Student: 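Submitted below is the structure of interest, expressed as structure tokens.
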Amino acid sequence: MKLVLLDDDVTLTRTLCRRLEALEHQVKSYNEVISPDLLVAEQADCYLLDLRFGVASGLDYIAPLRQQLPTCRIVLLTGYASITTAVQAVKAGADDYLTKPVDFATLTQALSGQISTATSATEPEVLSTDQLEWEHIQRVLEQHQGNISQTAKALAMHRRTLQRKLQKHRP
């Protein structure tokens, strides 16, 4: 299988490439933002996209890939998981949405299409209050285009408190 990885975490990319190549996959990786056209030109069987890829978003690559390569598998990988981005990814055409750190067996199953974490949940996962708070903060932060001061004001929270919460959950 031909795989393309897009992730700005060089160490993670290198490790995944090595492990996937050991499974006899042909792997190409990118650690810097590239154009969707260049990505489509790879003509891979599967694409593993980081949600926050430098200044870009893995979400931006899904629609062009799905349009040009309708049979390829698209898996979005993120350390900033939220219900909002999961829904956006699936609506855009992603086959799976995985959170970092990801179990390698789960990743290989998602890449091969043996499971679909985006659509196969039989029981809804109960989120902790910390997870709910994190998702709410992420939604409000997105509404304010990443502006910490405006987000803190909207959440009626001190800016430093918000920064600590964001730093605490950083992967």
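It should be emphasised that the depicted structure is a prediction, and the values quoted were computed from it without experimental measurement.
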Student: Strictly distance-based, threshold 3.5 Å: is any side-chain N or O of D7 a donor or acceptor partner for the main-chain N or O of L49?
Tutor: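 Side chain of D7 to backbone of L49: no pair is present.
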Student: Looking only at heavy atoms, what is the nearest atom pair of A89 and L76, with distance?
Tutor: CB-CD2, 3.7 Å
Student: Does S57 form a side chain to side chain contact (heavy atoms under 4.5 Å, CB included) with L51? I'd like the steps, not just the answer.
Tutor: CA-CA 5 Å; S57 169; L51 176 64; 3.9 Å; yes
Student: Using side-chain contact (heavy atoms from CB on, under 4.5 Å) as the criterion, point out the one residue from L3, L5, L111 that pairs with V75.
Tutor: L111
Student: When rounded to the nearest 0.5 angstrom, what is the spacing between CD in Q163 and OG1 in T151?
Tutor: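 Spacing of CD (Q163) from OG1 (T151) equals 10.5 Å.
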Student: I'd like to know if the side chain of R159 and the backbone of I148 have a donor-acceptor N/O pair within less than 3.5 Å.
Tutor: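 Between the backbone of I148 and the side chain of R159 there is no qualifying donor-acceptor contact (under 3.5 Å).
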Student: Examine distances only and state if a side-chain atom of Y47 and a backbone atom of L39 form a donor-acceptor pair shorter than 3.5 Å.
Tutor: yes
Student: For the side chain of Y97 and the backbone of T85, is there at least one donor-acceptor N/O pair under 3.5 Å apart?
Tutor: no
Student: Check the pair D95, R66 against salt bridge (charged side-chain N to carboxylate O under 4.0 Å, His left out), reporting the backbone distance first and the verdict last.
Tutor: CA-CA 10 Å; D95 295 298; R66 185 57 65 215; 2.9 Å; yes
Student: Search all heavy atoms of F53 against all heavy atoms of I34 and return the closest pair with its distance.
Tutor: CE2-N, 4.3 Å
Student: Quick one: OG on S149 to NE2 on H144, what's the gap to the nearest 0.5 Å?
Tutor: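 Going from OG on S149 over to NE2 on H144, the span is 11.0 Å.
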Student: Grab the two heavy atoms, one from P64 and one from D60, that are nearest each other, plus how far apart they are.
Tutor: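 Taking every non-hydrogen atom into account, CD-O, 3.4 Å.
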Student: Is there a chain of hydrophobic side chains (I, L, V, M, F, W, Y, each step under 4.5 Å between heavy atoms) that links V102 to M1?
Tutor: yes
Student: Do R19 and L16 make a side-chain contact, defined as non-hydrogen atoms from C-beta onward lying under 4.5 Å apart?
Tutor: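 Contact flag for R19/L16 side chains = no.
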Student: Stepwise, does the side chain to side chain contact (heavy atoms under 4.5 Å, CB included) test hold for L155 with H136?
Tutor: CA-CA 9 Å; L155 292 170; H136 180 64; 3.5 Å; yes
Student: State, to 0.1 Å, how close L162 and A152 come at their nearest heavy-atom pair, and which atoms those are.
Tutor: CD2-N, 3.6 Å
Student: Any donor and acceptor pair, going by atom type alone, linking the side chain of D45 with main-chain N or O of K2 inside 3.5 Å?
Tutor: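 Yes, D45 side chain to K2 backbone: donor-acceptor pair under 3.5 Å.
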Student: First locate atom CG of L6, then atom CG of L48, and finally report the distance between them rounded to the nearest 0.5 Å.
Tutor: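 Going from CG on L6 over to CG on L48, the span is 8.5 Å.
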Student: L23, L98: one ILVMFWY side-chain cluster at the under-4.5 Å cut-off?
Tutor: yes
Student: Is there a continuous path of hydrophobic side-chain contacts, each under 4.5 Å between heavy atoms, that joins V55 to L38?
Tutor: yes
Student: To the nearest 0.5 Å, how far apart are CZ in R52 and CG in D8?
Tutor: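 Result: 10.5 Å between the selected atoms.
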Student: For residues I62 and Q88, determine if any side-chain heavy atom of one lies less than 4.5 Å from a side-chain heavy atom of the other.
Tutor: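 In short, these two side chains do not touch, never coming nearer than 4.5 Å.
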Student: Which distance, rounded to the nearest 0.5 Å, do you find between the CD1 of I74 and the CG of L59?
Tutor: 11.0 Å
Student: Would you check, one step at a time, whether the test side chain to side chain contact (heavy atoms under 4.5 Å, CB included) holds for Y61 with V33?
Tutor: CA-CA 11 Å; Y61 294 98; V33 177; 3.5 Å; yes
Student: Would the distance check show the side chain of H158 and the main-chain N or O of R160 forming a donor-acceptor pair, the cut-off being under 3.5 Å?
Tutor: yes
Student: To the nearest 0.5 Å, what is the distance between CG (L69) and CD (Q43)?
Tutor: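 With rounding to 0.5 Å, CG (L69) is 5.0 Å from CD (Q43).
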Student: Can you tell me if E24 uses its side chain to pair, donor with acceptor, with the backbone of E21 under 3.5 Å?
Tutor: no
Student: Step by step, would you call I137 with K165 a side chain to side chain contact (heavy atoms under 4.5 Å, CB included)?
Tutor: CA-CA 9 Å; I137 288 171; K165 286 180 181 282; 3.9 Å; yes
